[in-house]
Number of protein chains: 2
Amino acid sequence: MQLGLSVSDSDVSSFTPLVVLELADDTKAEAITWLLNRIRGKQQNGGAELLVDQLLFPAQDGQKSNPNVFVVGSTLQRLLKGAEDVGLFKEFQDGTMRGFTYANRESFKDFYGDGEGFLSDAECQYIIKHELDTLRAKNEEHVPGYPKVKLYPGKSVVRRLQSKGVLVQYFPLHNKEDLKRLSFSWYKKIKLYFQPLDDIRHYFGEGLALYFGFLEYFTFALVPMALIGIPYYLFDWENYDKYVLFAVFNLVWSTVFLEVWKRCTYGWGTLSRKKAFEEPRAGFHGALGFNPITGREEPVYPSSKRQLRIYLVSVPFVLLCLYLSFYVMMVYFDMENWAISIYNENPNVATGILLFVPSIIYAVVIEIMNLLYRYAAEFLTNWGEPEILLSNHLYLYSFNFVNCFASLFYIAFVMQDMVLLRQSLATLLITSQILNQVMEAFLPYWLQRRRNKKVHKRMRRMMGDKELPLLEQVQLETEMNTYLGTFDDYLEQFLLFGYVSLFSCVYPLAAVLVVLNNITEVYSDAFKMCHVFKRPFSEPAANIGVWQLAFETMSIIAVVTNCALIGLSSQVKAYFPESETEMILIVVAIEHVLLAFKFILAFVIPDVPKHIQVKLAKLEFDSLEALKKRVSTHLYMCTYLQHANRKCDHLYDRPCQKVLQCK
Amino acid sequence: MQLGLSVSDSDVSSFTPLVVLELADDTKAEAITWLLNRIRGKQQNGGAELLVDQLLFPAQDGQKSNPNVFVVGSTLQRLLKGAEDVGLFKEFQDGTMRGFTYANRESFKDFYGDGEGFLSDAECQYIIKHELDTLRAKNEEHVPGYPKVKLYPGKSVVRRLQSKGVLVQYFPLHNKEDLKRLSFSWYKKIKLYFQPLDDIRHYFGEGLALYFGFLEYFTFALVPMALIGIPYYLFDWENYDKYVLFAVFNLVWSTVFLEVWKRCTYGWGTLSRKKAFEEPRAGFHGALGFNPITGREEPVYPSSKRQLRIYLVSVPFVLLCLYLSFYVMMVYFDMENWAISIYNENPNVATGILLFVPSIIYAVVIEIMNLLYRYAAEFLTNWGEPEILLSNHLYLYSFNFVNCFASLFYIAFVMQDMVLLRQSLATLLITSQILNQVMEAFLPYWLQRRRNKKVHKRMRRMMGDKELPLLEQVQLETEMNTYLGTFDDYLEQFLLFGYVSLFSCVYPLAAVLVVLNNITEVYSDAFKMCHVFKRPFSEPAANIGVWQLAFETMSIIAVVTNCALIGLSSQVKAYFPESETEMILIVVAIEHVLLAFKFILAFVIPDVPKHIQVKLAKLEFDSLEALKKRVSTHLYMCTYLQHANRKCDHLYDRPCQKVLQCK
């Protein structure tokens with residue numbers, strides 16, 4: 001809650017600025033006045049009751065800064081009430097996690113005095129975002145000054161302004177001091193211990209902290225595999241058949257890995273936060289209706305129309321992309337054959353290097369296709385809509401999976417060429433890792449540095465020696481890139497997990513490469529979060545969600561793939577010199593036993609650890625008891641006040657019941 | 001609530017008798033007085049606050065009736081309060097299902113006046129059972145008159161008396177008029193429509209109604225299979241290879257069957273009743289501790305000891321039984337070979353019949369072994385204990401599965417003898433069906449009739465022409481057998497499902513036999529519930545529970561089995577005359593696709609239909625809101641009463657909070 005700016009910038013803003021709001025520089029004055037009034041307005045009148053101030057940049061000779069930049073803050077009381085609106089879960093006195101309520105704020109742990117320091121920066125900014133998002137149109141027909149930007153009662157004003165380009169962006173401000181402290185403990189010193197996950201969570205919110213926790217866990221889990229992989233690789237360099245043991249190890253590892261993680265994540269964060277009870281997302285289009293659960297009036301989206309759009313747009317699009325992907329794969333095999341024929345005609349160092357060129361080109365093309373698919377999918381469907389999101393994610397996994405692994409499966413099981421498989425796997429893995437690191441961190445960093453220098457120079461020119469850190473900070477952060485969420489980061493880990501669990505038995509160095517990649521990934525991701533991107537709004541999360549399912553599906557595919565690779569090995573075939581049929585039947589039987597074992601394991605190990613189960617059950621019990629008690633108390637009070645000849649209508653928000661009608 | 005007895009029996013009992021309690025006929029008078037006082041005692045003093053009367057049978061010349069038979073009833077108010085204790089879910093005014101509370105009873109649907117007729121008979125009896133079961137020892141050290149029957153504070157008195165033989169039994173009374181009406185609409189008329197499931201639920205409770213619902217659904221689902229099976233059987237009598245199509249049909253059918261059922265069951269009954277919040281079962285042994293969820297003091301069972309017992313007793317026992325089962329199977333194959341050799345030496349009608357004898361003997365032995373295993377398992381472990389129950393059930397499924405199907409799997413996949421498979425399947429199925437019907441319904445019915453006549457004669461002798469229907473009814477029902485729950489009935493259906501889904505492609509008449517069996521099963525089960533067994537206490541249930549999982553596991557095994565049978569068929573083999581390997585690989589690939597499809601289907605079809613999801617979410621939202629409001633109201637009231645200078649300690653069950661301490 002204490003940003004280190006409020007003192008030196010008292011001339012700029014009278015409150016602690018938390019969120020920046022940038023309107024287009026040609027926004028009409030009446031629209032600005034109207035929006036500010038709505039943001040400042042009382043909640044009873046449909047306002048957000050927040051504090052907002054304009055940032056006035058000094059006039060400048062050459063370039064003109066955008067004059068319509070605003071900072072939004074809030075009083076402490078408003079934030080605490082907002083915490084109840086968003087359904088924030090905080091630790092109660094008795095150690096359980098409970099939905100925060102303003103009325104019994106004193107019963108929560110770490111609440112002292114007026115509540116200063118009770119909410120973290122990230123939480124305050126999340127609350128302000130929520131309040132801005134849920135600013136809904138009342139009876140205005142259009143945005144003042146913009147007769148064409150129609151408003152519909154109940155629809156989010158902010159999202160409407162954003163989609164029409166009036167609102168350019170809004171984002172939370174970094175807290176420079178906290179950020180310096182965090183980045184020091186996170187990546188600035190060489191260390192042997194873990195990442196400061198609690199600090200990350202405090203600063204960036206749970207969603208991001210979970211991602212970094214998962215990245216760390218995955219990397220550590222890969223270490224034993226990497227350690228086994230090195231001697232395997234060194235001593236069996238040319239013996240592709242000794243991989244049976246490694247395949248068995250792969251099988252066990254990928255199952256245990258995910259089960260342990262599932263149990264570890266619980267206990268994290270917003271334990272039983274009910275997504276369904278939130279206000280609808282601001283981006284929701286559609287007519288106004290009643291939410292059947294909360295009874296609140298809110299925009300609803302017709303379900304049949306949504307279904308139709310999925311099937312008419314998404315499915316053909318995915319099929320087309322898959323066809324393209326297969327076509328590219330076939331081109332790659334042609335190139336591969338061409339390279340081999342050249343090498344065979346004239347084997348020397350140059351043609352030896354040429355052998356790797358098709359794989360490298362293919363890897364680059366795969367990365368480009370993954371990117372293109374991502375942007376096309378975002379363009380074609382309303383990406384942010386919660387119910388579409390899941391199916392979009394499913395298509396995205398499937399496409400990326402096919403795109404990355406189709407060639408490997410083809411080489412392994414149709415061509416049955418283990419040498420080519422190893423070479424192709426190694427090239428794909430290394431190329432994609434290098435590309436990713438460049439695209440994700442170094443390129444944005446380089447662009448960012450150039451921009452920073454420019455802004456800094458401009459600010460110096462503008463203000464001479466005056467120290468106006470807030471103005472400079474806002475100016476800088478406004479021009480930073482926006483972080484698009486953890487999706488792409490998880491997707492990268494998902495594909496790496498695929499390379500390791502599916503095929504690493506033929507190329508044991510894969511695990512080593514992934515470990516090395518992930519160690520640099522921690523640093524580059526940390527760096528990009530702190531210095532390359534705008535601070536993201538925190539998203540509450542209790543687990544890695546659909547990714548758990550995605551990783552588990554991959555581990556099932558890994559069982560099948562590894563069993564098939566074992567069946568193909570000449571070492572195993574040597575045991576059954578006479579009957580290939582018998583060998584296949586035995587391998588299939590073992591595979592079935594392993595799959596059955598996996599499902600039994602998933603069934604036997606409870607997803608939620610015992611102590612969390614008890615906590616959840618207790619919370620549920622308490623609220624059911626409260627529901628019972630609530631009505632009793634009400635009745636009791638009515639009788640009581642009836643005897644005392646007082647009115648009780650205002651004491652309680654429910655009308656009295658028939659029998660005990662109050663006077 | 002209106003039993004048809006109260007008028008004519010006003011001399012016997014002053015209230016509507018609902019439950020019969022039979023103590024041993026030599027029970028000491030002080031123990032009886034103590035127990036009756038506890039049952040009648042106020043709840044504040046740890047009593048059950050129920051009504052109880054002794055049934056006095058007239059003195060008799062020859063045989064002496066047990067004098068210690070009591071009938072238990074209750075006032076309406078006590079029942080309604082008890083409904084809250086057991087957490088009964090009833091329909092609220094707004095159509096949702098909610099936990100009943102006495103305080104807001106008026107807001108529930110169908111509650112008129114003082115609540116007469118609001119609770120069904122079955123519910124009243126369930127409430128009385130619950131209140132009796134939760135009568136706990138206070139500071140008594142032993143049962144009065146029985147220094148050896150020690151009592152431990154907090155342990156269930158009734159269960160203690162029952163385990164020591166002082167309490168012989170307690171059971172709910174039939175309601176003759178309702179029973180007559182129910183049995184008429186259920187099985188006494190030949191009809192083309194469905195069973196009266198709502199009436200069954202009203203009379204016997206949800207658990208049993210769900211069983212009959214499932215039986216009906218399963219039977220109807222089998223009809224298309226039976227219809228396809230008859231021509232298959234007639235026109236391909238000697239062609240065992242034409243079963244590929246039938247196997248494919250089996251695959252699809254068994255998946256669709258279970259998915260549809262899963263969706264149908266929701267919306268039934270005690271929608272979101274929380275098992276975890278119930279009082280512990282009366283049979284729970286162990287020391288006193290605090291339930292971490294409800295905060296109530298109750299007996300707890302040390303978990304490590306329980307685990308140890310499972311592994312040291314149950315696992316070796318199951319292994320021993322499995323060994324025995326395999327041994328018997330081997331003996332059966334010897335007998336089979338012996339019968340075939342005799343038939344081959346001298347083929348005539350007598351030796352032709354002899355061919356079926358080993359299968360019949362084996363089928364009978366399997367049924368006996370299943371029974372023996374059931375009783376031994378019940379004896380060895382504390383069957384009723386909830387946490388052991390699940391693992392016991394798992395062992396029981398597994399044992400029954402192996403016992404019934406091991407020989408069929410052996411014949412199909414090791415001996416690959418489709419003729420013997422068909423013969424063995426047919427004999428097993430028919431023999432077990434006949435045995436089951438005899439053991440389950442006709443034998444108990446015959447025994448019951450004999451007893452009824454005797455009791456009737458005795459009563460006539462005893463009382464001359466006096467009409468004392470209650471006495472006679474209690475006398476009759478006391479001697480009836482006890483229904484041990486739906487477990488055995490489900491198990492039978494589970495095994496039938498196995499026969500049909502696993503192997504019916506080689507013997508298409510299996511489905512026809514099962515349909516015929518189930519039609520008679522509905523009638524004989526209905527008859528045995530109404531006239532052979534004592535009325536059972538109703539058990540609340542929202543779905544068929546572990547059986548859903550058991551049936552789903554079976555349908556997965558069915559996919560694997562049917563694919564393997566397809567691979568074995570000479571019809572399929574004929575397509576791949578050169579490469580057996582290729583054929584196997586294709587069959588395995590198809591099997592994997594089918595299994596993947598099954599899991600995707602289970603994932604895509606939501607378990608809980610949309611409208612139920614909304615209902616559940618609404619209930620949860622309401623209680624969370626209530627939890628928030630509860631604290632607010634409390635604070636508000638404190639302030640209010642503080643101003644009015646009144647004490648509020650008694651008004652509410654929570655101490656006031658620090659800030660707003662009441663005077």
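Throughout, a chain's letter reflects where its sequence line sits, starting with A, and its residues are numbered from 1.
In this structure A:Phe599 satisfies the ring pair (Phe, Tyr, Trp, His ring centres under 6.0 Å) test together with B:Phe599, sequence neighbours excluded.
Residue-environment remark: CZ (B:Phe413) exceeds the threshold of 12 foreign heavy atoms within 6.0 Å.
Residues of residues 581-593 of chain B lying under 4.5 angstrom from chain A, judged on non-hydrogen atoms, are B:Thr581, B:Ile584, B:Leu585, B:Val588, B:Glu591, B:His592 by number.
Only the side chain of A:Leu549 has a heavy atom closer than 4.5 Å to any heavy atom of chain B.
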